Chemist: 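Next up is a structure, given as structure tokens.
Every heavy atom of this structure was used, including side-chain atoms; hydrogens, water molecules and symmetry mates were not. Here the structure is a predicted model, which means the values were calculated and not measured.
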Amino acid sequence: LRDEIHVLEKKIDEEIPHLGDFVLYVDPPKPEKMRVAIPIIEDNGLKSHIPHHYKDPFRFIMVDIENRKISGYQVSEEKFLLSESAKIAAFLKLKHVNILISSHVETILYYSLRLSKIRVYPQFTNVHDVEHTVKLLLLEL
């Protein structure tokens, strides 16, 4: 999309030489379905607390969103360590996750997720459970 916008800007500059400044605004469509992954230590469903420190192994809760509402969730059986970037990236890709919410993402994991088109959002510091974190995310999407 970025490349196409640059081509269009160049074409407009060539076609209308005295235009000066102009702005192209692109409003991508909002996805109807998403899967959000959030690390948790203990499984209490949507009331699960999100840890601020990841010294111990953690699981992921994956929250499904349809039409801007929570439609379901599942918790991974597998546990992870923060240092297992390749394992985490492969797992999130396999589970068709679109967004990871975590403030503890190592550089290699961040770039692996970007290559897989998985967006990374930081955890809100004053929100401690999964349900409220996802609801805040929905305000942006």
Chemist: In chain order, what residues pass the side chain to side chain contact (heavy atoms under 4.5 Å, CB included) check against Lys95, with sequence neighbours excluded?
Modeler: Arg35, Met62, Gln74, Phe91, Val97

Chemist: A quick test of your reading: do over 12 heavy atoms of other residues, nucleotides or ligands sit less than 6.0 Å from CD of Glu9?
Modeler: yes

Chemist: To the nearest 0.5 angstrom, please state how far the CG atom of Asn44 sits from the NE2 atom of His49.
Modeler: 7.0 Å

Chemist: Which pairs, with at least one residue in residues 102-118 and sequence neighbours excluded, count as a salt bridge (charged side-chain N to carboxylate O under 4.0 Å, His left out)?
Modeler: none

Chemist: For Ser112 and Ala89, work out which heavy atoms get closest and say how close.
Modeler: CB-CB, 3.9 Å

Chemist: Please enumerate all residues that pass side-chain hydrogen bond (donor to acceptor under 3.5 Å, both in side chains) together with His104, with sequence neighbours excluded.
Modeler: none

Chemist: Counting C-beta onward and ignoring hydrogens, is there a side-chain heavy-atom pair between Val36 and Asn98 closer than 4.5 Å?
Modeler: no

Chemist: Identify whether Leu92 and Leu81 are in the same connected component of the hydrophobic contact network (ILVMFWY, side-chain heavy atoms under 4.5 Å).
Modeler: no

Chemist: To the nearest 0.5 Å, how far apart are CD1 in Ile50 and CD1 in Ile41?
Modeler: 11.0 Å

Chemist: Is the closest side-chain heavy-atom distance between Asp129 and His132 below 4.5 Å?
Modeler: yes

Chemist: Looking at residues at least two apart in the chain, or sitting in another chain, which of them share a side chain to side chain contact (heavy atoms under 4.5 Å, CB included) with Glu66?
Modeler: Lys33, Ser71

Chemist: Output the distance between atom CD1 (Ile99) and atom CG (Leu137), rounded to the nearest 0.5 Å.
Modeler: 4.5 Å

Chemist: Grouping I, L, V, M, F, W and Y whenever their side-chain heavy atoms are under 4.5 Å apart, do Leu115 and Leu94 come out in a common cluster?
Modeler: no

Chemist: Not counting sequence neighbours, which residues clear salt bridge (Lys or Arg N to Asp or Glu O under 4.0 Å) with Glu78? List them please.
Modeler: Lys87

Chemist: For Arg59 and Ser76, indicate whether the former's side chain and the latter's backbone hold a donor-acceptor pair under 3.5 Å.
Modeler: yes

Chemist: Less than 4.5 Å apart, any side-chain heavy atom of Leu100 and any of Phe60?
Modeler: yes

Chemist: Could you pull out all residues at least two apart from Phe124 that satisfy side chain to side chain contact (heavy atoms under 4.5 Å, CB included)?
Modeler: Asn126, Val127, Thr133, Leu136

Chemist: Test Val130 against Val63 for side chain to side chain contact (heavy atoms under 4.5 Å, CB included), laying out the working first.
Modeler: CA-CA 9 Å; Val130 171; Val63 181; 3.7 Å; yes

Chemist: Output yes when a side-chain donor or acceptor of Arg68 lies under 3.5 Å from a complementary backbone atom of Leu138, and no otherwise.
Modeler: yes

Chemist: Please list all pairs meeting salt bridge (charged side-chain N to carboxylate O under 4.0 Å, His left out) that have one or both residues in residues 43-54, counting only residues at least two apart or in different chains.
Modeler: Lys47-Glu131

Chemist: Is there a side-chain contact between Asp64 and Ile70 (heavy atoms, below 4.5 Å)?
Modeler: no

Chemist: Under the ring pair (Phe, Tyr, Trp, His ring centres under 6.0 Å) test, which residues partner Tyr121, sequence neighbours left out?
Modeler: none

Chemist: Donor-acceptor pair, distance only, cut-off 3.5 Å: does the side chain of Ser48 make one with the backbone of Ile40?
Modeler: no

Chemist: What distance do Ser102 atom OG and Leu109 atom CG have between them, rounded to the nearest 0.5 Å?
Modeler: 8.0 Å

Chemist: Would you please name every residue forming a side chain to side chain contact (heavy atoms under 4.5 Å, CB included) with His96, sequence neighbours left out?
Modeler: none

Chemist: Honestly curious: do Tyr111 and Leu113 fall in one hydrophobic cluster under the side-chain, below-4.5 Å linking rule?
Modeler: yes

Chemist: Does any non-hydrogen side-chain atom of Ile88 lie less than 4.5 Å from one of Phe58?
Modeler: yes

